[in-house]
Amino acid sequence: MSNNELPSQGLLTDPVRYPSSAAEPVRTKRAFLLILLTLLVPGSAQIVAGDRKIGRIALRVTLGAWLLAVIALVLLFTNRTLLINIITNPAASLLIVLVLAALAVGWLVLFVNTLRLIRPVLLPARMRPAVVIALVLAMVVSSGSLGYAAYLLNVSRNAIGSIFNAGPAIDPVDGRYNFLMMGGDAGADRTGRRPDSLSVLSVDAKSGQTAIISVPRNLQNAQFSEGSPMRQIYPEGYNCGDECLINAINTEVTNEHKDLYPGVADPGAQATLEAVSGTLGITVQAYVLVDMDGFAKLIDAMGGIRIKAGGWVPISGPMVDEANGIHGMPDGWIPAGDQKLDGYHALWYGRSREFVDDYARIARQQCVQQAMLKQLDPATLLAKFEDIANAGTKVVDSNISSSQLGSFVDLAMKAKGTDVKRLTIGPPDFDASFSTVPDFGQIHDRVRKLLASASSESSPAAAADSGLQDAVLQPSSVPGSGLSAAGLPATTPSPSPSSSDFTPVTTTPEGEPITEQMLNQFKREGNEQAIRDLVATNGQCAAL
C-alpha cells in the first residue's frame with residue numbers, strides 16, 4: 001500500500017462522512033449531531049457530511065442573516081424608531097417578508113438534505129422514529145418560525161395599508177402630538193359616522209407623557225380653528241341652536257359641505273378635528289376614527305379587558321320614549337366590582353348612559369381606553385397578533401401617515417407605565433351646564449395647565465406649583481364656598497378613572513345586595529329613580 005493511499009483510506013473510515021462502517025451507536029449519535037448542526041448553523045452539516053459547495057453557500061447566507069439580526073438588535077436598543085419605521089415601510093416590509101420566506105424555504109431544504117445524509121436505513125430500527133421526530137421538531141422551530149414571522153409581518157403590512165395613509169408626516173406642535181379619537185356608529189341609515197365619543201390624546205414628543213381631554217358630544221357653539229373652511233359658514237362658532245352639538249358636525253359636513261374640503265378623504269372627520277382644535281385652543285394634527293361595533297371585535301381579539309366598576313351599568317333595551325330618553329327593559333346588566341369584559345360588554349360599558357348622564361359615560365370610556373392601553377402588552381399582542389390586526393382593519397380609520405408609525409409606536413412604549421393626566425369639559429372638572437354655554441377662555445387655560453403638567457420640560461418651579469395645578473386639574477371643591485376649583489357651582493365629584501381608591505357600590509343603603517333581579521323589578525314597577533340612586537356611581541372605574 002502506497003503512502004498516497006493512506007489518507008484516502010483514513011477518509012473513508014470517517015464515521016461522520018462515511019457512516020456505513022461505523023457502529024450503530026455512532027450512527028445514532030451522528031444523526032442527532034447533523035440535525036443539531038443544521039438547526040444551529042445551517043449549512044454546517046453539509047460541510048462535514050455532504051456536498052461542501054451547498055454547505056458553503058448556506059453558511060454564507062447564514063452569516064449574512066446573523067449580521068442582519070445583530071444590526072436589528074443594535075437598532076432595537078439604539079434607534080428603535082428607525083427599526084420600526086423600516087419594518088412598517090411598505091416596500092421594506094415586503095422585502096423582509098420575501099427574505100424571511102426564502103430563508104424558511106432554504107432552511108427546510110437543508111433539513112431535507114440532512115435527512116438524506118443521515119440515511120435512516122443505517123440506523124437501528126428502534127431509533128428511527130426518534131431521529132425523524134427530532135428532525136421534524138427542529139424544522140418546526142427553525143423554518144416554521146421564520147415562515148410564521150413572514151406571515152405575521154405580511155398581516156401587519158396589510159393592516160397598516162388598510163388603516164393608515166401614505167400622506168406627509170406631521171410635526172409636533174409645542175412639543176406635542178395631538179390626536180383626535182372619535183368613536184361612533186356607522187349604521188346603514190347614516191351618511192357618515194356620528195361620533196358619540198370625542199377625546200384628544202396629547203402625547204409629549206420626547207417622553208411620551210400623555211394627557212386625555214374628553215369633549216362631551218353635546219358641547220354647543222364649538223369654535224372652528226383658524227383657517228378652517230367651516231368658519232365661512234359659522235364665523236362665530238357652531239351656533240345654530242340646540243341642534244348644533246359638536247357631534248353633529250361630522251354628519252352635516254359629510255352631507256352638505258364636502259365641497260369645502262376638496263381632496264380630503266373624510267371631510268366630516270376633518271371638520272370635527274378643526275372644531276375640537278378651536279374649542280380646546282390647541283392644534284390637533286390627526287384623527288383616529290373608531291367604529292364602535294368593530295371596537296367590540298378588537299377587544300375580543302385582545303382577550304377582553306379587566307376593570308373595577310364603581311356601579312351597575314345597564315345594557316339598554318330598545319327605546320320606548322325617545323322624547324324623554326326612556327328605554328324598555330334592559331337586555332342585561334354589568335355588575336359593580338372587578339370584571340373581565342368581552343367586546344360586547346366592554347362596548348356597552350362605554351356606551352350606556354341610561355339612568356346617569358353623559359359624563360358618567362365619558363369617565364367609563366376613559367377607563368376602557370386606559371384598560372386597553374395598559375393590558376395590550378407584548379405577550380398578548382404576539383399571541384393574538386393576527387386577530388388583533390384583522391380586527392383593527394374593521395375598527396379604525398385614520399389620516400395618520402404610515403411613515404410615522406415607528407416614532408409613534410416608540411412613544412407609546414415610552415408612555416406605558418406613566419401616569420395619564422385627564423380633563424373632561426364637563427363634570428367632574430366643570431359644571432354640568434358648562435357644555436351648553438362654554439367659556440372658551442377658561443377651557444384654553446385649563447388645557448394649557450393640563451399639558452404643562454404632562455410635559456417632559458416641566459420646570460422645578462412648575463413641579464413645586466403642582467399643588468395649584470392639581471387643584472385646577474382634579475375634581476375638587478373649595479370647602480364652604482359651594483364652588484368648584486373652576487369657580488363654578490360644585491358638583492359631586494367622581495374619582496379620576498385612573499384612581500382605584502373607591503369602593504364599588506354592591507349593596508343598597510340598607511345593606512341588601514344589589515342584584516339584576518332587584519334592578520329589573522324596579523324597572524317593571526316604573527321606579528326609575530330607585531335605579532338612578534343605586535347606579536349613580538357607575539362613572540367610577542379603574543383599569544386593573
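Position 1 is the first residue of the sequence, and the numbers go up from there. Excluded from the calculations below are hydrogen atoms, water molecules and symmetry mates; all remaining heavy atoms, backbone and side chain alike, are included.
In this structure, the side chains of Leu73 and Leu76 come closer than 4.5 Å at one or more pairs of heavy atoms. The side-chain heavy atoms of Gln285 and Asp171, taken from C-beta on, include no pair separated by under 4.5 Å. Taking the side chain as every heavy atom from C-beta outward, Ile35 and Ile118 approach each other to under 4.5 Å. Between Ile96 and Ile86 the shortest side-chain heavy-atom distance falls below 4.5 Å.
Using cut-offs of 30° and 60° for the angle between ring planes, the Trp333 and Phe355 rings count as parallel.
Contact between Arg30 and Ala49 at its shortest, heavy atoms only, is NH2-CB, 4.1 Å. Across all non-hydrogen atoms, the minimal contact from Pro314 to Ser352 is O-OG, 2.9 Å. Contact between Ile212 and Ser199 at its shortest, heavy atoms only, is CG2-CB, 4.2 Å. Contact between Glu24 and Pro124 at its shortest, heavy atoms only, is OE1-CG, 3.7 Å.
Between the Asp300 side chain and the Gly343 main chain, a donor and an acceptor come within less than 3.5 Å of each other. Although no hydrogens or angles enter the test, the distance criterion places a donor-acceptor pair under 3.5 Å between the side chain of Lys308 and the main chain of Phe502. Between the side chain of Asp331 and the backbone N or O of Ile315 there is no donor-acceptor pair closer than 3.5 Å. With Arg27 contributing its side chain and Ala22 its backbone, the two residues share a donor-acceptor pair below 3.5 Å. Of the possible donor and acceptor atoms, one in the side chain of Arg176 sits under 3.5 Å from a partner among the backbone N and O of Ser202. In this structure, Ser143 contributes its side chain and Met139 its backbone to no donor-acceptor pair below 3.5 Å. Listed for the Arg364 side chain is a donor-acceptor partner under 3.5 Å among the backbone atoms of Asn538. The backbone N or O of Val41 sits nowhere less than 3.5 Å from a side-chain atom of Thr62 that would complete a donor-acceptor pair. A donor-acceptor pair under 3.5 Å is absent between the side-chain atoms of Arg56 and the main chain of Ile47, judged by distance alone.
The residue from Val284, Val215, Ile213 that alone fulfils the side-chain contact (heavy atoms from CB on, under 4.5 Å) condition with Leu180 is Val284. Checking Thr506, Val505, Val535 one by one against Ile514, the side-chain contact (heavy atoms from CB on, under 4.5 Å) holds for a single residue, Val505.
In terms of the side-chain hydrogen bond (donor to acceptor under 3.5 Å, both in side chains) criterion, residue partners of Ser316 (sequence neighbours excluded) are, by chain and number, Glu354. Residues that satisfy the side-chain hydrogen bond (donor to acceptor under 3.5 Å, both in side chains) test with Asp51, not counting sequence neighbours, are absent from this structure.
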When you look at Val356 and Arg361, which way does the side chain to side chain contact (heavy atoms under 4.5 Å, CB included) test go after all the steps?
-> CA-CA 8 Å; Val356 292; Arg361 181 173 75 159; 5.9 Å; no
